[in-house]
Amino acid sequence: MKFKEKVSYLECDTCSRRFAPGEVDLTCPDCGPGLGTLTVVYNYDEIGKILTAGTLENRKEFSHWRYLEILPVSARPEKLHPRVGWTPLYRLPALGRRLGVENLWIKDDGVNPSASFKDRASSVGVARAIEEGRSVITAASTGNAASSVALFAACAGLRAVIFVPETAPEAKVAQLLMFGAEVLSVRGTYDQAFDLCLQTALDRGWYCRNTAVNPYLGEGKKTAALEICEQLGFDPPDRVFVSVGDGCIIGGLWKGFCDFKKLGLIDRLPRLYGIQAGGSAPLVRAFEKGEKTATPLIEAKTCADSICVGQPRDHIKALRAVYESQGAMLAVEDDEILEAMRRLAREAGVFAEPAGATGFAGLCRLASQGEIGPGERVVVLVTGNGLKDVQTAISAVDRKPVPVDANIQAVKSVLK
Ligand SMILES: *Cc1c(COP(=O)(O)O)cnc(C)c1O
Ligand SMILES: [Zn+2]
């Protein structure tokens, strides 16, 4: 099916105004970028005839493009990296028992091509840019979305212009430069970089990959939910834990579960738990007050740079995800995040960056409070690889290498 056949319309998250596919690029003109984020609504009846458990079972496409029918592009883009998504879902009974969560799975999205969850969104964003015949793509990012879009732009031969805060970890900047992007290192915060990027995109007519304002990014992010359903035999989990910065991942996950329910592929929905860092938790505050939108923070601060966001751009969808699913937004402290990194590495063999481990830190917190019933099935998403931020990983470990002279006597004496 072509893009315009499968997408019925886009709906404004605030005023519910509907737009035909292709009618607007980014957000609802009546509500503006802060409130006018759009939700992509498909032609579920027609898609449901093609996308069934049977067709999926026989499908040899082991990437998130296996869900092409429910993605907002006409064709699988040949030029793009072949291996996005279809990431492993590890069952971890021993770690689960120690937490009192017998049925625990970890989905490791750090194994994506640029080593973070962002590849799901960037691949769909760049595919849309190709279908629309665009030649320049721009993005603002704490680092991962940037390196991810740079990778896919390189595959597609697009010019990429990237805005990052000057505090972005070196490894992420190294990826950007290696993929050939033009990088503007903004002397300011991520929130400021975001606004500068959006304004430049509008001025120059560049394709904008900024989270939330581009409605198709969440469509890429939802594929993790589709995979979780399929990997669990279309028997969805009871709870899903994920870290939250702008809120696009959690909003996308909810969309994915709801899309699969509309297609009749699952018959119930999980509760979603969005975990923020205590120093950067505007969505937790909004959730605790029962509000539908978040009030921006003056200053956000956490060691988890990927979720260091004062003004969450996908606040409406993120809050909707936890209210509608009867989940919650929770805050954890930075030392809990560092502990979660160590546990994931030592007890699950998964090396996560701080924001990558934050969902797991949230599960540890809830499990220790006895909130999770013994029979419940829980999935935790790991959103980014630990090599993305080596500096914080080194500060998180409680041991150092032991210096030793290059002779066997010296080795014997230090080993004891
Ligand atoms: C971007 C990112 C997040 C948060 O995603 P949002 O959509 O901003 O909520 C979490 N973890 C990692 C590793 C990320 O790169
Ligand atoms: Zn609107």
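Ligands are counted one by one from 1 in listed order, and the atoms in each one are counted from 1 as well. Values reported hereafter were calculated over all heavy atoms of this structure, with side chains retained and with hydrogens, waters and symmetry mates removed. Positions are given from 1 along the sequence.
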Answer yes or no for Lys221: is there a heavy-atom contact with ligand 1 below 4.0 Å?
-> yes
Heavy atom of Thr211, distance to ligand 1 below 4.0 Å = no
Polar atom proximity, [X] to ligand 1 (N or O, under 3.5 Å):
X: Gly384; result: no
X: Lys118; result: yes
X: Gly245; result: yes
X: Val244; result: no
X: Glu353; result: no

State which residue, out of Leu366, Thr358, Leu363, fulfils the side-chain contact (heavy atoms from CB on, under 4.5 Å) condition with Val332.
->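 Testing Val332 for a side-chain contact (heavy atoms from CB on, under 4.5 Å) against Leu366, Thr358, Leu363 leaves exactly one candidate, Thr358.
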Derivation and outcome, side chain to side chain donor-acceptor pair (under 3.5 Å), residues Ser63 and Arg120 = CA-CA 10 Å; Ser63 76; Arg120 296 180 184 275; over 6 Å; no
May I ask you to test the Asp259-Trp254 pair for a side-chain heavy-atom distance under 4.5 Å?
-> no
Is there a side-chain contact between Tyr207 and Ser135, using heavy atoms and a 4.5 Å cut-off?
-> no
Can you tell me how far the CZ atom of Phe163 sits from the CZ atom of Phe194, to the nearest 0.5 Å?
->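 It comes to 12.0 Å.
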Gap separating the NZ atom of Lys317 from the CD1 atom of Ile250, nearest 0.5 angstrom = 13.5 Å
Just do the side chain to side chain contact (heavy atoms under 4.5 Å, CB included) check on Cys28 and Thr14 with the steps written out, would you?
-> CA-CA 9 Å; Cys28 169; Thr14 293; over 6 Å; no
Excluding waters, which are neither shown nor counted, protein N/O/S atoms under 2.8 Å from the Zn ion (ligand 2) come to 4
Cation-pi, Trp86 ring and Arg66 (6.0 angstrom, 45 degrees) |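 Yes.
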protein heavy-atom neighbour closest to atom 12 (C) of ligand 1 works out as Thr383 OG1, 3.3 Å
Member of Glu371, Glu339, Glu336 meeting the salt bridge (charged side-chain N to carboxylate O under 4.0 Å, His left out) criterion with Arg365 | Glu336
Is Ile307 touching ligand 1 with its side chain, its backbone, both, or neither, if touching means heavy atoms under 4.0 Å apart?
->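 Under 4.0 Å from ligand 1, Ile307 contributes side-chain atoms alone.
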Check the angle between the aromatic planes of Tyr273 and Phe241 and answer parallel, tilted or perpendicular using the 30° and 60° thresholds.
->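 Answer is parallel, since the angle falls under 30°.
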